[in-house]
**Student:** 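Provided herewith is a single structure, encoded as C-alpha cells, for subsequent inquiry.
Every heavy atom of this structure was used, including side-chain atoms; hydrogens, water molecules and symmetry mates were not.
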Amino acid sequence: MTVKKRFWRRPVVWVGVGVFAVALAIGVANTGSGAPGTAPSRLAEASSSTQSAGATPTAMPTASTATPTPVRTPSARPPATTGTALALLQTLPVKGRAPKTGYDRPVVFGQAWKDVDRNGCDTRNDILRRDLTHVTIKAGTHGCLVLTGTLHDPYTGTTVTFQRGRGTSNAVQIDHVVALMDAWQKGAQQLSQVQREELANDPLNLLAVTGRVNEQKSAGDAATWLPPAKGYRCSYVARQITVKAKYRLWVTAPERDAMTRILQTCPAQKPATAGTIALMPDAVGTAPVPAPVTSAPATSAPATSAPASPKVVHPGAFCSPVGATGVTVKGTPMTCSIKAGTTRARWRAA
C-alpha cells in the first residue's frame with residue numbers, strides 16, 4: 001500500500017505544474033499591448049477594462065496640451081503727461097557715448113563768448129545781467145558790461161557777490177547745463193559749425209553759478225552729477241532735456257534713468273525756457289545819486305545847463321523808436337532805422 005500511494009501522488013503533482021505552465025504561456029501570448037516579454041501597464045489595464053465595460057475613455061493631459069504657466073514680464077512705464085519734461089524725455093533717443101575723437105572746444109564750438117544774438121554784448125555779460133540782481137553797468141558800454149551784482153546760486157542755494165576784476169570775476173562762472181564735451185559725445189558731432197556755436201552760446205543752456213561748483217561738475221551728465229541743492233534738481237534736468245531735444249542730442253541709458261528718477265518726484269515739471277535778456281540802462285543811471293547841492297542865493301545868475309550828450313549806441317543793435325539818433329563809442333553818428341526786407345529797427349550809420 002505504501003508503494004501505491006507514492007506512485008500516484010507524483011504524477012498528479014507534475015500534471016498540475018504542467019497545466020500552470022501552459023496557462024501562463026497562453027496569457028503572455030494573448031497580451032494585446034506592450035513590448036514583447038513585458039506585462040501591460042496599469043494604465044493600459046485600466047483602459048482595457050473600462051472600454052470592455054462600454055465606458056468612454058478619459059484623455060490624459062500631455063506636455064503638448066497642458067496650459068503653460070504665464071510668465072511675468074516687467075510692466076512698461078506709463079506715458080507721462082503731455083507737455084511735461086518727463087514726456088519730452090521719453091522722445092529722446094537712447095544710445096551709448098560716441099568717442100571724444102576730434103573734440104577741440106574753440107574749434108568745434110567757436111571762441112567764447114560770441115554775440116550770437118547780435119544785441120551788441122557778449123554772451124557772458126548777457127547771462128550775468130539775466131541771472132544777477134543789484135547789477136551795476138560800466139558807463140559807455142551800451143548797458144552791457146556788468147561791474148557788480150549779487151548771485152543767488154541755484155546749484156548750491158548760496159549767495160555770492162560778483163565784482164569784475166582780476167582774481168574776483170571767477171567767483172561767478174557761466175555753466176553749460178549740457179556740458180559741451182557731453183554734447184559732442186551725444187550728437188553734436190552731426191551738427192553744423194553754426195549750430196554748435198549756437199548751442200555753446202544759447203541762453204537756454206547757460207546759467208550763472210559759483211565757480212567752485214561749476215568746476216566740480218566739469219563735463220558730467222545727470223548720471224554722474226546733480227546740483228547739491230536737491231530742490232533745484234527737477235529744474236536742472238528739465239533744462240538739460242529741453243536743450244537736448246532742441247539740438248537733437250541723445251541720452252545714455254543711465255542718464256535717462258537718473259533723469260526719470262528725479263522727474264518722478266515732480267511729474268508736472270515743465271520744460272525749461274531761456275528767460276529774457278535785455279540791455280540795461282547805462283551806469284550813469286545806476287551809479288549812486290550824488291548828495292543834493294544847496295540852492296544858490298536868488299541874486300546869483302542861473303547856471304547854464306550843459307547840452308545833453310548824445311546817446312552812445314552799438315552798430316547793428318536793435319533799437320526804438322525809428323528815427324532816434326545816437327553815436328558810437330568812437331563818435332560815429334547813428335540812426336535807428338529799418339532796412340528794406342527786415343521788420344525790426346537797428347542802429348545804422350547815419
**Student:** Please tell me if the side chains of Ile262 and Leu226 come closer than 4.5 Å, counting only heavy atoms from C-beta onward.
**Tutor:**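 SC-SC contact between Ile262 and Leu226 confirmed.
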**Student:** Stepwise, does the salt bridge (charged side-chain N to carboxylate O under 4.0 Å, His left out) test hold for Lys114 with Asp122?
**Tutor:** CA-CA 5 Å; Lys114 288 193 171 184; Asp122 65 88; over 6 Å; no
**Student:** Between Met181 and Leu199, is there shared hydrophobic-cluster membership here, with clusters defined by ILVMFWY side-chain heavy atoms closer than 4.5 Å?
**Tutor:** yes
**Student:** Output every pair passing salt bridge (Lys or Arg N to Asp or Glu O under 4.0 Å) with a member in residues 180-190, not counting sequence neighbours, ordered by first then second residue.
**Tutor:** Arg97-Asp182, Asp182-Lys186, Asp182-Lys244, Lys186-Asp221, Lys186-Glu255
**Student:** Please list all pairs passing the salt bridge (Lys or Arg N to Asp or Glu O under 4.0 Å) test where one or both residues lie in residues 150-174, with sequence neighbours left out.
**Tutor:**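 Counting only pairs at least two positions apart or across chains, no salt bridge (Lys or Arg N to Asp or Glu O under 4.0 Å) contact touches residues 150-174.
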**Student:** Could you give the side-chain donor-acceptor pairs of residues 102-112 under 3.5 Å, partners two or more places apart or in another chain?
**Tutor:**
none

**Student:** Rounded to the nearest 0.5 Å, what's the gap from CG on Asn125 to OG1 on Thr141? Could you check?
**Tutor:** 8.0 Å
**Student:** Test of understanding: with ring-ring contact (aromatic ring centres under 6.0 Å, His included), list the residues that count as partners of Tyr232, not counting sequence neighbours.
**Tutor:**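 Once residues adjacent in sequence are excluded, Tyr232 has no partner under the ring-ring contact (aromatic ring centres under 6.0 Å, His included) criterion.
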**Student:** Quick one: list whatever passes side-chain contact (heavy atoms from CB on, under 4.5 Å) with Pro254, sequence neighbours left out.
**Tutor:** Ala223, Thr252
**Student:** Is there side-chain contact between Thr136 and Val146, with heavy atoms separated by less than 4.5 Å?
**Tutor:**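 Side chain of Thr136 against side chain of Val146, heavy atoms only: no contact under 4.5 Å found.
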**Student:** Is any side-chain heavy atom of Arg348 closer than 4.5 Å to one of Pro315?
**Tutor:**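 No - every pair of side-chain heavy atoms lies 4.5 Å or more apart.
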**Student:** State whether a side-chain donor-acceptor pair under 3.5 Å links Asp202 with Asn205.
**Tutor:**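 Judged by distance alone, the side chains do not pair up.
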**Student:** So, using side-chain contact (heavy atoms from CB on, under 4.5 Å) as the criterion, who are the partners of Asp117 when residues are at least two apart?
**Tutor:**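 So Asp117 forms a side-chain contact (heavy atoms from CB on, under 4.5 Å) with Asp115, Asn119, Asp126.
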**Student:** Output every pair passing side chain to side chain donor-acceptor pair (under 3.5 Å) with a member in residues 269-281, not counting sequence neighbours, ordered by first then second residue.
**Tutor:**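 Listed by first then second residue: nothing to list.
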**Student:** Hey, could you give me each pair passing disulfide bond (SG atoms under 2.5 Å apart) that has a residue in residues 128-167? Not counting sequence neighbours.
**Tutor:** Cys121-Cys144
**Student:** From Leu88 CG over to Lys246 NZ, what is the distance, rounded to the nearest 0.5 angstrom?
**Tutor:** 12.5 Å
**Student:** Determine which pairs satisfy disulfide bond (SG atoms under 2.5 Å apart) with at least one residue from residues 167-214, sequence neighbours left out, and list them in order.
**Tutor:**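 For residues 167-214: none.
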**Student:** Could you give me the CA-CA distance, side-chain angles and deciding distance for Thr133 and His152, then say whether side-chain contact (heavy atoms from CB on, under 4.5 Å) is met?
**Tutor:** CA-CA 8 Å; Thr133 60; His152 302 286; 3.8 Å; yes
**Student:** Kindly indicate whether the side chain of Ile241, heavy atoms from C-beta on, has any atom under 4.5 Å from the side chain of Leu263.
**Tutor:** yes
**Student:** May I ask you to check whether Trp184 and His176 place their ring centres under 6.0 Å from each other?
**Tutor:** no
**Student:** Of all the heavy-atom pairs spanning Gly187 and Leu249, show the shortest one and how long it is.
**Tutor:** C-CD2, 3.7 Å
**Student:** Check whether Ser218 reaches the backbone of Glu215 with its side chain - one donor and one acceptor, N or O, closer than 3.5 Å.
**Tutor:** no
**Student:** Would you please say whether a donor-acceptor pair under 3.5 Å links the side chains of Thr158 and Thr156?
**Tutor:**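 Yes, side-chain donor-acceptor contact under 3.5 Å.
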**Student:** My understanding is that only one of Ile127, Val177, Asp175 makes a side chain to side chain contact (heavy atoms under 4.5 Å, CB included) with Leu206; could you say which?
**Tutor:** Ile127
**Student:** Sequence neighbours left out, what passes side chain to side chain donor-acceptor pair (under 3.5 Å) with Glu198? Give chain and number order.
**Tutor:** none
**Student:** To the nearest 0.5 Å, what is the distance between CG on Leu92 and CZ on Arg256?
**Tutor:** 10.5 Å
**Student:** Kindly write out the residues that satisfy side-chain contact (heavy atoms from CB on, under 4.5 Å) with Ala278, not counting sequence neighbours, or none if the list is empty.
**Tutor:**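 If we apply the side-chain contact (heavy atoms from CB on, under 4.5 Å) test to Ala278, skipping adjacent residues, there are no hits.
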**Student:** Once side-chain contact (heavy atoms from CB on, under 4.5 Å) is applied, do any residues pair with Gln193, and if so which ones, sequence neighbours excluded?
**Tutor:** Arg196, Glu197
**Student:** Find out whether Phe162 and Leu151 are in side-chain contact, i.e. whether some heavy atom of one side chain is under 4.5 Å from a heavy atom of the other.
**Tutor:** no
**Student:** Where is the tightest heavy-atom contact between Ala85 and Pro271, given as atom of each residue plus distance?
**Tutor:**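 Closest approach of Ala85 to Pro271, heavy atoms only: N-CD, 3.8 Å.
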